[in-house]
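A short write-up of the structure that comes next.
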Amino acid sequence: GSLEEAVYPLFYGWFLTHKSQSHTKEKGKKFLKTLGELDEFKEHWDDFGGAASETGINLEEYFERKGILHCTTEYSDYGKVKGAQEYAELEAVKKFYSTAFCLQISGFFITPRTAGARVQLTDKQLELWPADSEKEAMPSEELPHGSRAHITLGCAKDVEPKQTGLDLLEFVKLEKEGQQALAEKDIDQGKLRYFGKGMWMLELYENVTVKTIFGGFYP
Ligand code: 2AM
């Protein structure tokens with residue numbers, strides 16, 4: 001066999017620079033704080049099970065954060081995932097490895113499981129997005145290419161990070177079906193919508209731009 005074997009990362013993605021991480025965490029915290037204090041949110045504490053005390057839920061504590069903020073493109077599990085090799089060999093992956101990109105955050109969302117930032121990818125960035133990402137997550141749906149793109153901000157206890165993208169696709173599915181929000185409110189940062197079952201989505205009035213480097217993560 002070959003002496004030099006391909007080395008696959010745990011996952012590929014866009015990794016936020018130190019400064020953009022601070023900026024994003026700041027915006028995310030502001031969202032959680034504002035949301036947590038809203039009467040509209042307090043009416044639906046039940047969605048979060050037993051997490052609400054008499055004074056409410058501290059959302060910043062409810063969602064645990066860990067690691068460097070990033071937007072995963074492909075989870076390859078060191079080459080064990082089906083399609084890992086194909087992805088590594090994509091022209092775009094080779095061409096853009098270690099390249100700087102600006103990502104646009106268009107919204108923030110929470111569910112009882114996860115908190116995340118919604119990422120709007122450009123055509124160039126979509127070249128790095130796996131063809132079957134949405135299909136893999138929701139086999140029975142036809143959801144737009146790249147609509148799963150997100151940055152995990154935090155997960156509730158015992159929830160796996162992969163869940164954030166699945167939660168985002170639940171919102172995308174409702175949007176596609178033309179589902180009306182159960183509640184809607186204009187707040188400082190944007191338009192907030194509630195879809196039931198603890199699903200809150202903030203559509204930002206102005207995108208948050210973050211600087212990133214595309215690459216692989218090999219812990
Ligand atoms: P995330 O992108 O939603 O944060 C390491 O576990 C990273 O890979 C995490 O960032 C995680 O989720 C993502 N990840 C883990 N398992 C995954 C899977 N099966 N599919 C897609 N992404 C996954």
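Every number for a ligand or one of its atoms is a count from 1 in the order of the listing. It should be emphasised that the depicted structure is a prediction, and the values quoted were computed from it without experimental measurement.
Residues Phe48 and Phe41 place their aromatic rings such that the two centres sit under 6.0 Å apart. The aromatic ring centroids of His70 and Phe217 lie 6.0 Å or more from each other.
Within 6.0 Å of CG in Asp188 there are 12 or fewer heavy atoms belonging to other residues, nucleotides or ligands.
Residue Thr72 has at least one heavy-atom neighbour below 4.0 Å for each of these atoms of ligand 1: 1 (P), 2 (O), 8 (O), 10 (O), 13 (C). Close contacts between ligand 1 and Thr152 involve ligand atoms 1 (P), 3 (O), 4 (O) [criterion: under 4.0 Å to a heavy atom]. Within ligand 1, counting atoms from 1 as listed, the ones closer than 4.0 Å to a heavy atom of Arg148 are 20 (N), 21 (C).
The residue Lys66 has no part lying near ligand 1, judged by heavy-atom distances below 4.0 Å.
When each of Ile110, Thr34, Ile187 is tested with Leu202 by the rule side-chain contact (heavy atoms from CB on, under 4.5 Å), just one qualifies, namely Ile187. Each of Lys19, His23, Lys25 was scored for a side-chain contact (heavy atoms from CB on, under 4.5 Å) with Gln21, with one residue passing: Lys25.
The aromatic rings of Phe101 and Phe214 lie perpendicular to each other, with more than 60° between the two planes, well past the 30° mark.
Every N/O-N/O distance between Phe11 and ligand 1 stays at or above 3.5 Å. When only interatomic distances are considered, the shortest N/O to N/O separation between Glu136 and ligand 1 does not fall below 3.5 Å.
Looking only at protein heavy atoms, the nearest one to atom 11 (C) of ligand 1 is Pro161 CB, 3.7 Å. Considering only non-hydrogen protein atoms, atom 10 (O) of ligand 1 sits nearest to His70 NE2, 2.5 Å.
Among Tyr12, Tyr75, Phe217, the residue whose heavy atom sits closest to atom 14 (N) of ligand 1 is Tyr75. Atom 3 (O) of ligand 1 has its nearest heavy-atom neighbour, among Glu160, His150, Lys162, in His150.
Counting only N and O atoms by type, the side chains of Glu40 and Trp200 include no donor and acceptor under 3.5 Å apart.
Note on ligand 1: Gln163 sits outside its first shell, no heavy atom being nearer than 4.0 Å.
Contact record, Leu121 with Ala149: CD1-CB, 3.7 Å, taken as the closest heavy-atom pair.
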